[in-house]
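The structure appears right after this line, and notes come after that.
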Amino acid sequence: MATTTLKYNETTNYIAGKPEANGQQRMDVRSPLDGTLISTVVLSTANDLDKAVKAAEAAFPAWSGTPIKERAQIFYRYRELLLKNREELALLVHTENGKTMEESYAEVDKSVELTEFACSLPQLVQGELLEVSKGVECRIERKPLGVVASIAPFNFPNMVPHWTIPNALMLGNTMVFKPSEIVPISSTRIAELLKEAGLPDGVFNVVNGDRAIVEAISDHPGIKAVSFVGSTKVAKIVYARATSTLKRAVCLGGAKNHLIVLPDAHLEMTASNVVASMSGCAGQRCMAAAQMVGVGGVEPIIQQMIVEAKKLVPGKNLGPVISKVAYERITGYIAEAEKAGAKVLLDGRNPQVEGGAKDGYYLGPTIIDHVTTDMRIAQEEVFGPVISIVRAKDLDAAIAIENANPYGNAAAVFTQSGGLARQVMERASAGMIGVNIGVPVPREPFSFGGWNDSKFGTCDITGKSSIEFWTQMKKTTTKWNPEGKTNWMS
Ligand code: NAD
């Protein structure tokens, strides 16, 4: 099909400050809102990656030699451009990912916050200096690594790129970025806006593609560090492959977040929080509530959850899931659980869609009770607007259920008791804990990252922890007193 008929131009690579597309294979980009073809995306080869790495290598000396406060000026301008283009960027997220406009605006707003944190980095990376003996000083500086890479998933086309781009570049690195081939368009706009803000050519490059390009990134000898966000299966592959070629890597994987609900929890607040967590972005968030562990008499809360969930109308305030494949995977989990004896309290399959957008991949909120821990729906990541409810006889049993799942992104507890909440804070096996909050995302300057099968690598991906990941320490010892005593250490 001729690209001129598409809503968005062909999505090409962006190398050394300009679009670049040479004879690669193409893939269709479809909107989950109605299944229409909105763009095509180039599937790059290792040669294309090589060009991007060369551009990033060429840009590195001047960029890393630019004082950090000057680099910050570009990101202050970039922040203004995010705000100026907020509506267009949100519409792009809505169109390529399918989430609602409200959710898309929130995503862009989070990108602004991430950029603001990056602008504060000059205050956080001053280094250290100490006179260790008379006239002898040791100092530590944080230096960039060189060319780094960042690989993203489909579920946050605007925000997840901002987890890495502003911090890595502010700290003096140059980057090759690989968006999800399912939602590649937002990243081109990010590259254009960075250029408009004054970022020198080659500092930020976008290489589009699928598995082949991720493998090429993992192997490329010119890339010093790789960050990855996506499913656990791929996170493990990328972590193993990138570190086997001696790169540093942080790879964030999937999730199965457990929300422990105690009978003393606030009825309305708990129900609305749990439903918002399970259904926001159509459940396609690594911080989404996937499994509720009900302890004791939580029936009134479950009934209120049904009331809350019924307020969500597909096509109005609930977006579609990303693809037909995703729809079938999710409904497959529901059917299997039902067959195994679980009770579907609210069924989102084949929903009525507001406005009649029947070709989109819509699924209403689905609440499934009496799930048992041996069912596949209790163990695996479903990634849709679905919550399963398992029952536990007491808090110890509930925590044991949370601990037994292999993931560890987030866990939450809903209760009015500080003492019981404290137990979950201490004993849940997850990197991000919520107390009476369903989506416990740490805000800047705190860092984002899970435990267990939800993250491979030592640092977190955002916040202060990311400074450690994107830099290396240079330690210098100076002595300017020739008359000073010399001993075995000098
Ligand atoms: P995905 O793993 O399928 O894809 C992520 C990236 O890896 C994409 O850029 C894709 O092109 C590439 N890729 C896919 N298969 C590959 C393979 N076999 N080898 C090498 N590269 C490959 O993930 P997705 O479906 O795009 O995103 C959803 C997943 O991401 C969910 O599991 C979700 O929980 C997870 N996620 C995690 C976090 C977090 O912070 N932990 C945040 C967002 C999303």
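In this text, all values refer to a predicted model and were calculated from it rather than measured experimentally.
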(request) Locate the shortest heavy-atom distance separating Asn273 from Ile437; write the atom from each residue and the value. (result) OD1-CA, 3.7 Å
(message) My understanding is that only residues two or more places apart in sequence, or in another chain, count here; which of them pass side-chain hydrogen bond (donor to acceptor under 3.5 Å, both in side chains) with Asn13?
(response) Ser44
(message) Other residues, nucleotides and ligands only: do more than 12 of their heavy atoms fall within 6.0 Å of CD on Gln416?
(response) yes
(request) Determine the minimum heavy-atom distance between Ser218 and Val238, stating which atoms define it. (result) OG-CG1, 4.0 Å
(message) I want to check something: taking the side chain as every heavy atom from C-beta on, are Asn155 and Phe383 in contact at a cut-off of under 4.5 Å?
(response) yes
(message) Can a donor-acceptor pair be found, under 3.5 Å and without considering hydrogens, that links the side chain of Ser447 to the backbone of Gly463?
(response) no
(request) Identify, with sequence neighbours excluded, every residue that meets side-chain hydrogen bond (donor to acceptor under 3.5 Å, both in side chains) alongside Arg443. (result) Glu113
(message) Counting C-beta onward and ignoring hydrogens, is there a side-chain heavy-atom pair between Thr95 and Lys7 closer than 4.5 Å?
(response) yes
(request) Report the distance from atom OH of Tyr239 to atom NZ of Lys247, rounding to the nearest 0.5 Å. (result) 13.5 Å
(request) Evaluate the side chain to side chain contact (heavy atoms under 4.5 Å, CB included) criterion for residues Met305 and Ile367: first the C-alpha distance (whole Å), next the side-chain angles of each, then the deciding distance (0.1 Å), finally the verdict. (result) CA-CA 9 Å; Met305 280 165 55; Ile367 299 174; 4.2 Å; yes
(request) Verify side chain to side chain donor-acceptor pair (under 3.5 Å) between Asn436 and Thr415, making sure each step is shown before the conclusion. (result) CA-CA 7 Å; Asn436 295 325; Thr415 180; over 6 Å; no
(message) Less than 3.5 Å apart, any donor N or O on the side chain of Glu96 or Ser186 sitting next to an acceptor on the other?
(response) yes
(request) Given side chain to side chain contact (heavy atoms under 4.5 Å, CB included), test Thr372 with Val390 step by step and report yes or no. (result) CA-CA 6 Å; Thr372 51; Val390 294; 5.9 Å; no
(message) Restricting to non-hydrogen atoms, name the atom on Pro440 and the atom on Ala411 that form the minimum distance, rounded to 0.1 Å.
(response) CG-O, 4.3 Å
(message) Closer than 4.0 angstrom, basic N to acidic O: yes or no for Arg349 and Glu338?
(response) yes
(message) Treating Asn317 as the side-chain partner and Val313 as the backbone partner, does any N or O pair qualify as donor plus acceptor under 3.5 Å?
(response) yes
(request) Please tell me if the side chains of Val29 and Leu37 come closer than 4.5 Å, counting only heavy atoms from C-beta onward. (result) no
(message) Could you check whether Ser466 and Asp460, counting side-chain N and O atoms only, form a donor-acceptor pair closer than 3.5 Å?
(response) no
(message) Is the shortest side-chain heavy-atom distance between Val234 and Phe228 below 4.5 Å?
(response) yes
(message) Under 4.0 Å between a side-chain nitrogen and a carboxylate oxygen: does that hold for Lys311 and Glu308?
(response) yes
(message) Are Tyr76 and Thr115 packed together at the side-chain level, in the sense that at least one heavy-atom pair is separated by less than 4.5 angstrom?
(response) no
(message) Treating Thr366 as the side-chain partner and Val386 as the backbone partner, does any N or O pair qualify as donor plus acceptor under 3.5 Å?
(response) no
(message) Ignoring hydrogens and geometry beyond distance, is a side-chain donor-acceptor pair present between Ser111 and Asn158 at under 3.5 Å?
(response) yes
(message) How long is the straight-line distance from CD of Gln284 back to CD1 of Ile322, given to the nearest 0.5 Å?
(response) 6.0 Å
(request) Taking atom CD of Glu80 as the centre, report whether more than 12 heavy atoms of other residues, nucleotides or ligands fall under 6.0 Å from it. (result) yes
(request) Decide yes or no on side chain to side chain contact (heavy atoms under 4.5 Å, CB included) for Ile387 and Ile368, but give the supporting numbers first. (result) CA-CA 6 Å; Ile387 194 160; Ile368 312 176; over 6 Å; no
(message) Restricting to non-hydrogen atoms, name the atom on Leu82 and the atom on Leu89 that form the minimum distance, rounded to 0.1 Å.
(response) CD2-CD1, 3.7 Å
(message) So Asn452 and Ser429, do their side chains get closer than 4.5 Å, heavy atoms only?
(response) yes
(request) Take Thr164 and Ser150 through the test side chain to side chain donor-acceptor pair (under 3.5 Å) and record every step on the way to the result. (result) CA-CA 7 Å; Thr164 57; Ser150 174; 2.8 Å; yes
(request) Let me see the working for Glu192 and Arg189 under salt bridge (Lys or Arg N to Asp or Glu O under 4.0 Å), right down to the final yes or no. (result) CA-CA 5 Å; Glu192 289 167 354; Arg189 275 307 277 148; 2.6 Å; yes
(message) Using only atom types and a distance under 3.5 Å, with no angle test, would you say the side chain of Asn257 pairs donor to acceptor with the backbone of Ala289?
(response) no
(request) Indicate yes or no for a side-chain donor-acceptor contact from Lys455 to the backbone of Cys459 under 3.5 Å, with no hydrogens or angles considered. (result) yes
(message) Could you work out, with ring-ring contact (aromatic ring centres under 6.0 Å, His included) as the rule, every residue matching Tyr78, not counting sequence neighbours?
(response) His162
(message) Closer than 4.0 angstrom, basic N to acidic O: yes or no for Lys256 and Asp453?
(response) no
(message) Which residue in the set Phe448, Phe446, Trp451 passes side chain to side chain contact (heavy atoms under 4.5 Å, CB included) when paired with Met432?
(response) Phe448
(request) Could you tell me whether a side-chain N or O of Thr331 sits under 3.5 Å from a main-chain N or O of Tyr327, the two making a donor and an acceptor? (result) yes
(message) Between Arg211 and Glu215 (salt bridge meaning N to carboxylate O under 4.0 Å), is one present in this structure?
(response) yes
(request) Using ring-ring contact (aromatic ring centres under 6.0 Å, His included) as the criterion, list what pairs up with Trp470, not counting sequence neighbours. (result) none
(request) Any side chain to side chain donor-acceptor pair (under 3.5 Å) involving residues 394-403? Give me the pairs, sequence neighbours left out, ordered by first then second residue. (result) Asp396-Arg427
(message) If we ignore hydrogens and angles and just use 3.5 Å, is the side chain of Asn208 paired with the main-chain N or O of Val41 as donor and acceptor?
(response) no
Distance-only check: which donor-acceptor pairs under 3.5 Å involve side-chain atoms of residues 177-185, not counting sequence neighbours?
from	atom 1	to	atom 2	distance (Å)
Lys178	NZ	Glu181	OE1	3.4
Lys178	NZ	Gly209	O	2.8
Ser180	OG	Ile182	N	3.1

(request) State whether a side-chain donor-acceptor pair under 3.5 Å links Thr36 with Asp34. (result) yes
(request) Flag the pair Lys343 / Val371 as yes when at least one side-chain heavy-atom distance between them is below 4.5 Å, and no otherwise. (result) no
(message) Side chains of Ser388 and Gln291: any donor to acceptor distance under 3.5 Å?
(response) yes
(message) For the residue pair Thr11 / Ser39, report whether a side-chain donor-acceptor contact shorter than 3.5 Å exists.
(response) yes
(request) Show your reasoning for whether side chain to side chain contact (heavy atoms under 4.5 Å, CB included) applies to Leu114 and Lys110. (result) CA-CA 6 Å; Leu114 289 155; Lys110 183 66 200 177; 4.1 Å; yes
(message) Tell me whether the count of non-hydrogen atoms from other residues, nucleotides or ligands lying under 6.0 Å of NZ in Lys195 goes above 12.
(response) yes
(request) Of all the heavy-atom pairs spanning Pro351 and Gly364, show the shortest one and how long it is. (result) CG-N, 3.8 Å
(request) Establish, from distance only, whether the side-chain atoms of Tyr333 and Glu380 form a donor-acceptor pair under 3.5 Å. (result) yes
(request) For residues Thr232 and Phe456, determine if any side-chain heavy atom of one lies less than 4.5 Å from a side-chain heavy atom of the other. (result) yes
(message) Before you tell me yes or no, could you show the steps for Glu381 and Arg376 under salt bridge (Lys or Arg N to Asp or Glu O under 4.0 Å), namely the whole-Å CA-CA distance, both residues' side-chain angles and the distance that decides it to 0.1 Å?
(response) CA-CA 9 Å; Glu381 184 177 38; Arg376 220 160 54 88; over 6 Å; no
(request) Could you pull out the closest heavy-atom pair between Ala421 and Val413, with the gap in Å? (result) CA-CG1, 3.9 Å
